[in-house]
Amino acid sequence: MQQDYQPKSIEAAAQQHWEQTQAFRARKEAGKPKYYCLSMFPYPSGKLHMGHVRNYTIGDVLARWHKMRGYSVLQPMGWDAFGLPAENAAIQNQVPPAKWTDDNIAYMKQQLKSLGFAIDWSRELATCKPDYYKWNQWLFLRMLEKGIAYKKTQVVNWDPVDQTVLANEQVIDGRGWRTGALVEKREIPGYYLGITQYAEELLADLDKLPGWPERVKTMQANWIGKSHGVRFAFKIPDEVGTSLPSPSGGGIEGEGAPSNKNLLWVYTTRADTIMGVTFVAVAAEHPLALYAAQHNKAVAAFVEKCKHVSVMEADMATMEKEGVDTGLKVTHPLTGEQVPVWVGNYVLMGYGEGAVMAVPAHDERDFGFAKKYKLPIKQVIERSAQIGYNKFSDEEKQIFDKFLGDDLTFTADCWQEWYGNKERVVCVNSGKYDGLNYEQAVDAIAADLAAKNLGEKKVQWRLRDWGVSRQRYWGCPIPIIHCDSCGSVPVPDDQLPVKLPEDCVPDGSGNPLHKREDFLNCTCPKCGKPAKRETDTMDTFVDSSWYYARYASGFKSDAMVDEETSYWMPVDQYIGGIEHAILHLLYSRFWTKVMRNLGLVKYDEPFANLLTQGMVLNHIFSRHTDKGGIQYFAPDEVIVERDDTGRITTARAVNDGSTVEYQGIGTMSKSKLNGVDPQALIEQYGADTARFFMMFASPPEQTLEWADSGVEGSHRFLKRVWAFGNALSGKAAGAMPGKLPATLADVRREIHLTLKQANYDLGKQQFNTVASAGMKMLNALEKTLKDEGEGHAAVAHEGFSILLRLLSPICPHITHALWRELGYGEDILTAAWPEPLADALEQDEVELVIQVNGKLRGSLRAPKDADKATLEQMALAHEAVQKQLAGGAAKKVVVVPGRLINVVI
RNA sequence: GCCGGGAUGGCGGAAUUGGUAGACGCGCCGGACUCAAAAUCCGGUGCUGGAGACAGUGUGAGGGUUCGAGUCCCUCUCCCGGCACCA
């Protein structure tokens with residue numbers, strides 16, 4: 001046995017053992033429950049980062065823990081291998097993306113292996129391989145047949161840096177999710193997947209996911225965005241209606257044109273205010289706006305302006321509300337009044353009908369607009385009974401009754417009162433609807449509209465269909481052939497996969513597939529004439545929408561998934577970053593439901609439990625440069641000075657001693673130079689230390705603050721574990737005596753008590769306290785080696801074997817080695833998970849806390865089975881209680897057996 | 001604005017779900033070993049007062065329930081995350 005702890009050789013030996021025994025091959029095992037543990041697969045960017053290490057360690061702890069508890073475990077790994085970084089790297093280094101990707105995979109795989117993860121590598125997959133993406137294409141064709149996939153030309157989000165279209169989900173604050181570039185709008189044809197057809201189910205089934213974090217479910221629910229309202233129409237004069245142009249483009253993934261040209265459809269959630277409509281506002285892209293633009297120069301100019309100004313989604317929210325009168329009038333469906341139509345820059349073409357009814361008295365935006373353009377304002381609801389209207393000043397009341405002058409102000413509080421309380425308002429000035437509350441008014445109004453065939457209640461969704469066409473090379477080809485005579489023709493199944501040429505070297509000027517004649521040219525499957533292939537590739541989120549099901553199946557070449565999938569799926573525990581709360585997780589849920597409806601799988605939801613791990617943070621140091629820029633310093637390039645309390649006060653650069661500002665902590669990032677390379681960590685301390693620190697520093701869902709001293713502390717602990725094993729290895733355990741000396745009984749009790757708590761914490765997935773339980777056990781165990789009492793070796797061996805097993809999911813290598821060295825068994829993986837023993841927990845005397853009026857005043861030891869009356873007497877006799885009583889009597893005594901006695905005086 | 005989650009020593013974080021607040025670790029202080037340093041080991045460490053036993057005080061702020069509140073209820077402040085001209 002090694003004298004000192006040398007992780008390198010220990011870890012290599014353990015990993016070799018696992019490889020030889022094929023320890024992590026997932027198999028159906030009769031009589032065992034299954035456990036499918038999955039971490040989000042990485043993009044092969046080059047090397048692992050700390051986020052990966054944290055993610056996969058969490059997964060590995062769960063997988064190993066379940067394995068030892070008798071589960072049949074599947075923990076696979078693969079590569080999300082299509083995507084833009086490969087193309088960018090290709091442009092920079094003049095290598096084909098395929099080569100770059102394969103090299104990265106090879107390196108990162110070796111890194112993962114060196115961390116000792118219990119992965120079944122026989123199920124490894126990479127999404128850029130034809131045997132995988134063939135099934136993307138195959139399912140896409142099925143969706144095409146079912147009308148779930150379809151083609152349309154629309155205004156889309158365009159990322160000018162990546163030169164591709166982005167789906168709505170992939171635009172964050174008006175910027176591309178990957179590049180951070182400001183997104184532009186472009187009108188481009190592309191393929192869409194009808195995720196909106198599944199909106200209702202995607203929302204409802206969130207309730208079937210009790211194992212998901214609440215916030216992820218809320219984010220998805222918000223994104224799907226269900227709202228209840230009324231869709232209704234204003235009549236457009238016949239001469240206008242018949243000459244309306246078809247909508248060009250429309251909004252992003254919008255719902256297209258109104259069905260009847262003589263009707264102007266709008267959607268509202270506040271139908272109770274319909275009698276207060278004083279104008280209608282339409283989006284600049286709305287057919288009515290385009291029609292008006294043909295006849296009115298001012299409208300034309302405004303429409304043109306909107307096209308160019310509203311490029312950035314981020315600015316939309318803060319933009320000044322502007323508009324222009326079209327001069328057109330439409331007829332109110334209930335009052336028959338003529339209502340002016342305005343074009344408003346605040347109306348979104350992509351949501352609802354691209355047109356809204358405007359009720360300035362009860363909507364803040366409409367109010368601002370009406371005030372600006374001096375449009376009439378008509379009050380039609382009142383906060384119920386006396387508390388509403390009368391609360392406002394005379395000046396404020398005027399607002400609802402007449403035209404507004406510029407001098408009038410309207411306070412924000414006022415809006416709160418009126419707009420925020422739709423449940424507590426009643427209709428006024430609304431004819432037959434007067435006195436009805438919100439619900440009654442909506443029902444009555446919807447019924448009246450329906451009777452005239454001019455409207456009905458409608459559920460509206462925020463979710464849009466998923467645009468999957470990407471104008472990029474390194475992705476899964478969309479299996480379509482364009483024929484001059486037949487149009488867009490699906491590639492027949494027997495011609496799948498449409499293979500992506502792997503030897504292209506992109507030069508940065510568009511999609512290199514356009515120059516690949518051998519890829520482009522083909523024959524039309526319908527008529528046999530020469531035709532061209534589609535060069536767009538699929539969004540890479542398609543690739544990751546079903547990989548978990550492929551892992552779980554037998555990798556058949558003639559089927560997307562097979563029978564085995566039903567055995568392993570759904571994933572019992574999915575682990576990944578919160579950044580995928582909407583994108584990947586929503587797409588995967590949708591894809592699963594499509595596969596289910598096609599009869600491919602039987603489950604409704606792919607991920608039964610979800611753990612979103614926190615990010616890894618580190619200190620940030622920077623200083624302003626002379627030129628006004630910011631220069632960052634890596635944490636190991638600065639020397640930190642602290643005050644008496646340990647707070648960082650100043651920092652100096654190592655190289656020249658100049659002052660550097662401490663910016664606090666933030667996520668590890670390349671630009672801020674505060675990343676820590678896992679490889680360096682593994683080389684210096686070993687994988688077990690890295691794993692232990694990751695688990696110990698913070699609970700999995702929380703952010704983890706990097707601390708070199710913490711890593712050293714973890715390493716110190718493992719060295720102590722090794723040293724203890726060393727000291728114990730020569731000692732025979734001997735039999736456990738029936739009756740241990742008190743000090744040893746206490747140690748043994750502490751071990752089992754700690755184990756009990758640790759097992760509870762594992763169930764909560766709170767691994768930081770499991771790691772600390774290991775430390776506690778060692779602290780207790782170290783006492784046994786100084787104790788010569790009868791049975792001290794027995795207690796030490798029993799305790800150490802518990803400690804090793806408890807720690808093995810976190811530090812599999814050192815525990816593997818010690819388990820063998822001490823002769824506890826051949827393989828710790830096959831050892832039974834430790835459970836606390838009742839006889840170890842038992843004690844003759846218990847310590848009870850004594851409180852007076854809830855304040856701690858002392859403690860006493862009492863026989864474990866002492867009854868309440870005895871305990872009460874003992875407490876009252878206690879000197880601390882006597883002192884507090886000062887001769888008086890206790891009012892009441894509360895006895896909590898096994899815990900405390902509270903004397904009330 | 002709406003939704004979700006937080007706030008505990010110098011720091012990361014515990015608290016058996018209403019029962020000894022601060023486990024475990026880091027840092028710091030003291031000691032042992034050493035010519036010395038590192039490493040290692042031992043002891044101490046919420047704050048205030050006291051040499052000390054001990055006393056007071058203490059989980060963002062204020063109130064409430066309770067024998068007893070970090071934990072439950074009400075009001076408020078601040079922080080983090082998501083969504084947002086969605087009609």
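Below, chains carry the letters A, B, ... as their sequence lines are ordered, and counting in each starts from 1.
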**Q** In terms of heavy-atom contacts, does NZ of A:K756 have more than 12 from other residues, nucleotides or ligands at under 6.0 Å?
**A** no

**Q** Picking from B:C86, B:A55, B:G12, which would you name as closest to the side chain of A:F696?
**A** B:G12

**Q** Quickly work out the A:M219 CE to B:C3 P distance and round it to whole Å.
**A** 16 Å

**Q** Is A:K776 salt-bridged to A:E750, going by a charged N under 4.0 Å from an acidic O?
**A** no

**Q** In terms of relative ring orientation, are A:H332 and A:F232 parallel, tilted or perpendicular, with 30° and 60° separating the classes?
**A** tilted

**Q** At under 4.0 Å between heavy atoms, how does the protein contact nucleotides 16-22 of chain B? Give one character per nucleotide, 5' to 3', with B, S or -.
**A** BB-BB--

**Q** A quick test of your reading: do over 12 heavy atoms of other residues, nucleotides or ligands sit less than 6.0 Å from NZ of A:K855?
**A** no

**Q** Starting from P on B:A38, measure out to CD on A:E712 and report it in whole angstrom.
**A** 14 Å

**Q** Round to the nearest Å and state the distance from A:L753 atom CG to B:A15 atom P.
**A** 15 Å

**Q** Mapping A:A771 and A:N853 onto RNA chain B by nearest heavy atom, which one lands closer to the 5' end?
**A** A:A771

**Q** Of all the nucleotides listed (B:A14, B:C42, B:C83), which has the minimum atom distance to the side chain of A:W223?
**A** B:C83

**Q** Any base atoms under 4.0 Å from A:P213, or only sugar-phosphate, or nothing? Heavy atoms, all strands.
**A** nothing

**Q** Under a 4.5 Å cut-off applied to non-hydrogen side-chain atoms, are A:W722 and A:D4 in contact?
**A** no

**Q** Considering Watson-Crick and G-U wobble pairs with both distances under 3.5 Å, what does B:G60 pair with?
**A** B:C76

**Q** Which is true for A:K217 with a 4.0 Å heavy-atom rule: it touches a base, it touches only sugar-phosphate, or it touches nothing?
**A** nothing

**Q** Taking the side chain as every heavy atom from C-beta outward, state whether A:L586 and A:I195 have any atom pair closer than 4.5 Å.
**A** yes

**Q** For the side chain of A:K776, counting heavy atoms from C-beta on, which of B:A23, B:A87, B:U40 is nearest?
**A** B:A23

**Q** To the nearest angstrom, how far is A:F767 atom CZ from B:A14 atom C1'?
**A** 16 Å

**Q** With a 4.0 Å cut-off on heavy atoms, is A:A697 in touch with a base, just the backbone sugar-phosphate, or nothing at all?
**A** sugar-phosphate

**Q** Measure from CE on A:M349 to P on B:A87 and round the result to the nearest Å.
**A** 17 Å

**Q** Which nucleotide in the list B:A87, B:C42, B:A14 gets nearest to the side chain of A:K786?
**A** B:C42

**Q** To the nearest 0.5 Å, how far apart are OH in A:Y373 and CH2 in A:W342?
**A** 6.5 Å

**Q** Let me know the distance between CG of A:D4 and C1' of B:U40, rounded to the nearest Å.
**A** 12 Å

**Q** Select one nucleotide: of B:G13, B:A84, B:G12, the one nearest the side-chain heavy atoms of A:Q702.
**A** B:G13

**Q** Under 4.0 angstrom, heavy atoms only, what part of the nucleic acid is A:N779 near: base, sugar-phosphate, or nothing?
**A** sugar-phosphate

**Q** Return whichever of A:T703 or A:V903 has its heavy-atom-nearest nucleotide of RNA chain B closer to the 5' end.
**A** A:T703

**Q** Could you tell me the separation between the NZ atom of A:K892 and the C1' atom of B:U66, rounded to a whole number of Å?
**A** 9 Å

**Q** Under the criterion ring-ring contact (aromatic ring centres under 6.0 Å, His included), which of A:F693, A:F696, A:Y5 is the partner of A:H715?
**A** A:Y5

**Q** Under 4.0 Å between a side-chain N or O of A:R716 and OP1 or OP2 of B:C26?
**A** yes

**Q** Have a look at A:S714 and say if it touches a base, only the backbone sugar-phosphate, or nothing, with a 4.0 Å heavy-atom cut-off.
**A** nothing

**Q** Tell me the interatomic distance from A:Q766, atom CD, to B:G12, atom P, rounded to whole angstroms.
**A** 16 Å

